[in-house]
Amino acid sequence: MLDKAADVTKDQVVDFIYDEARMLDEGRYDEWLALWLPDGHYWMPLDYKQTDPHLVTSLLYEDNFMLRLRVERLNGARTFSQKPKSRCHHVIQRPFIDEFTPERIVTNTSMHYVETRLDEQFLLALVATHELRVVEGQLRIANKRVDLLNSDAAFGSIQLLP
Amino acid sequence: MLTAGDVSAMVRGPQVHRDVYTSQQVYDLEMRHLFVNTWVFVGHESQTPHKGDYYTTQIGAQPVIQVRHGDGEIKVLHNRCPHKGTKIAIDRSGNTGKFFRCPYHAWSFKTDGCLLAIPLKKGYQDTELNKTENAKGMKAVGAVRVYRGFVFARLADEGISFEDYFGDSLSSIDNTVDRSPAGRLEVAGPPLRYMHQCNWKMLVENQTDTCHPMVAHESSAGTAVGIWKEMGNPEPRPPAMEIIAPFMSPYEFFENMGIRTWPNGHGHTGVNHSIHSEYSEVPGYFPALSEAYGEQRAKEILNENRHNTVYFPNIMIKGPIQQLRNFIPLGPDRTLVESYIYRLVDAPDELLARTAMYNRMINAPTSIVGHDDLEMYERAQEGLVSNGLEWVDIQRLMTGVEDYSEEVVENGTTERQMRNQFDAWVKFMTVSMGTA
Ligand SMILES: [Fe+2]
């Protein structure tokens, strides 16, 4: 394993994961979408240790169009499920850097995710796996996978993104 | 205590009393009568393909086990040890071998429920155990019928037959299964499980509510259309456009799509076309279907594009995409929605991939379209507490006396199917209540 993937340091990778969580908490979705490579997918499996995103159901397997739709919808004048708006809060552990090569960086990050709206609040424990790439000196998200500890439980609406 | 007369009085054709959605007493009666007298969906036979395979679920509030018996038949048993009541199976599925064994005192039962053995049996010598029903074993439900792979059960020992109950509505299951070149479905993975803080009947009614998509889903489908335009209408369209955009179709689309109702509360939207009609073709599928059925028949099968078929009381199936949603009542204001998908055996994988996409885009707890719907149900559950008005109105396109024992096709925006459900609701609630 190299110490340096293309033009970034391991510290920059760790900061990137923290920054992404903060963007989601603060609702800075334009900046957040700009982190993504155009053909990336946000995957949240339904089954514990699920391996296939296509031929069984997932909670999320979203391309760039769906992610953009999801975040634009949040601010729509007739988005009734966001009146009032939801808020979220990530508490994250320092990411493990599992791969660090010029082609590919993979991190593994444990998080507690809290989402609230009206009088309801819920907590999800999860592991986020980020696949990152360096493009023109910038770290970008190639893919993100979120494994909920209780992915097979019955949930109410989860409206924002871990 | 509510009488049959009280229950009947809650439904007066064009309107229903809000207590049908909010009252604990009504819910308890539904569990004791409606879900006992009707044929209720249990599972799919592919969930228990081998001898000894079982799967646990519930019929109304009743915990049951679907199990494949030694003779290959599917049995549906109450999930309760006859000794002290312990649930025999706790996990969602598994294989129990030749018999079930209670984890508490090791009473064992054949997979048809019959008592096999009790440890230290001499303790029951000279007792009355053998004179009780408990000595027979795990009780089976009243009746079971497997129809083209779908398992239905009636809890009551006596009652309406499967054929009389479903009649011609089975044509929607037929079309779902006929879409497989092998004439067979297989469950694909676990279901989505989405908890709703509302009455189960709101979900069933919404399946044929064709005047809500362009309003409640403007936030998701309307925004999707807007983004696509902003991008310059790129082709091929993003998958989300194929799945979500049809929800923004105008009223005329839904009016012309038509609604058919059958006796006993069953009915479907999409008689002439539906939001599933314009899906892109999957290479290799039509040839495979033609090979199996002949080209003419294959065309007939694919030209049927029924949208949502409600099987009263509490499931909906989508024939064109092999999806089934089970609206499981957990209380007057609590419903668990399980959304299953099935593989068309011998059809290309792309079809299943589209179905899986539909399931997660529309029916997941993380789905934006799901959020639109749940917000409406939960607001209704809260609003119905209001004493300002006590009746809910369901009389769109009701222009005279309606005979729900007839099959009819009407304008796709009618609320007739909701009235049809409530007609069946009164019938199967009160049939075992007596007249006192
Ligand atoms: Fe809807």
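Every value quoted in this text rests on a predicted model; they were computed, and no experiment measured them. Sequence lines set the chain letters: A, B, ... in the order given, protein chains first and strands last, and positions in each chain run from 1.
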Under 4.5 Å from any heavy atom of chain A - which part of B:Leu336
side chain
Look at atom CD of A:Glu26 and say whether more than 12 heavy atoms of other residues, nucleotides or ligands are closer to it than 6.0 Å.
yes
Short question: side chain of A:Ser157, backbone of B:His371 - any donor-acceptor pair under 3.5 Å?
no
Quick check on B:Pro190 against chain A: is it the side chain, the backbone, both or neither that has a heavy atom closer than 4.5 Å?
both
In short, B:Glu375 meets A:Phe80 closest at the heavy-atom pair OE2-O, 3.5 Å
B:Ser367 side, atom OG; A:Gln159 side, atom CD - distance, nearest 0.5 Å
10.0 Å
Within 6.0 angstrom of B:Glu235 CD, more than 12 heavy atoms from elsewhere:
yes
Would the distance check show the side chain of A:Arg78 and the main-chain N or O of B:Gly222 forming a donor-acceptor pair, the cut-off being under 3.5 Å?
no
Would you check if A:Met66 and B:Met357 make a side-chain contact, meaning some heavy-atom pair closer than 4.5 Å?
no
Roughly how far, to the nearest 0.5 Å, is CZ of A:Arg68 from OG1 of B:Thr223?
11.0 Å
More than 12 heavy atoms of other groups within 6.0 Å of B:Arg379 CZ
yes
One option among B:Ala188, B:Ala216, B:Pro238, B:Pro191 has the most heavy-atom pairs under 4.5 Å with chain A, and it is B:Pro238
Tell me whether A:Phe96 at atom CZ has more than 12 heavy atoms from other residues, nucleotides or ligands lying less than 6.0 Å away.
no
Does any N or O in the side chain of B:Arg193 come within less than 3.5 Å of the main-chain N or O of A:Asp152, such that one atom is a donor and the other an acceptor?
yes
Given heavy-atom pairs under 4.5 angstrom as the criterion, report whether the side chain, backbone, both or neither of B:Glu230 touches chain A.
side chain
Search all heavy atoms of B:Tyr194 against all heavy atoms of A:Gly156 and return the closest pair with its distance.
CE2-C, 3.7 Å
Value rounded to 0.5 Å, distance of NE2 in B:His217 from OG1 in A:Thr79:
12.5 Å
Pairwise distance CZ(B:Arg354) to CG(A:Leu55) - rounded to 0.5 angstrom:
13.0 Å
From the list B:Ala356, B:Gly189, B:Gly226, the residue making the most non-hydrogen contacts under 4.5 Å with chain A is B:Ala356
What residue in B:Ser220, B:Ala240, B:Ala364 has the most heavy-atom pairs under 4.5 Å with chain A?
B:Ser220
For A:Arg28, does the CZ atom have more than 12 heavy-atom neighbours from other residues, nucleotides or ligands under 6.0 Å away?
yes
Between B:Arg360 and A:Thr57, do the side chains contain an N or O donor and an N or O acceptor separated by less than 3.5 Å?
no
Is it the backbone or the side chain of A:Leu59 that comes under 4.5 Å from a heavy atom of chain B, or both, or neither?
both
Measuring only between side-chain heavy atoms, which start at C-beta, is A:Glu62 closer than 4.5 Å to B:Thr366?
no
Above 12 or not: heavy atoms from other molecules or residues under 6.0 Å from CG of A:Asp30?
no
Please state whether the side chain, the backbone, both or neither of B:Val215 comes within less than 4.5 Å of a heavy atom of chain A.
backbone
CZ/A:Phe122: more than 12 non-hydrogen atoms of other groups inside 6.0 Å
yes
A:Glu120, CD: over 12 other non-hydrogen atoms inside 6.0 angstrom:
no
So how far is it from A:Arg73 CZ to B:Ile227 CD1, rounded to the nearest 0.5 Å?
11.5 Å
Say you draw a straight line from CE of B:Met231 to CG of A:Asn64; how long is it, rounded to the nearest 0.5 Å?
7.5 Å
Side chain, backbone, both or neither: which part of B:Leu374 has a heavy atom under 4.5 Å from chain A?
side chain
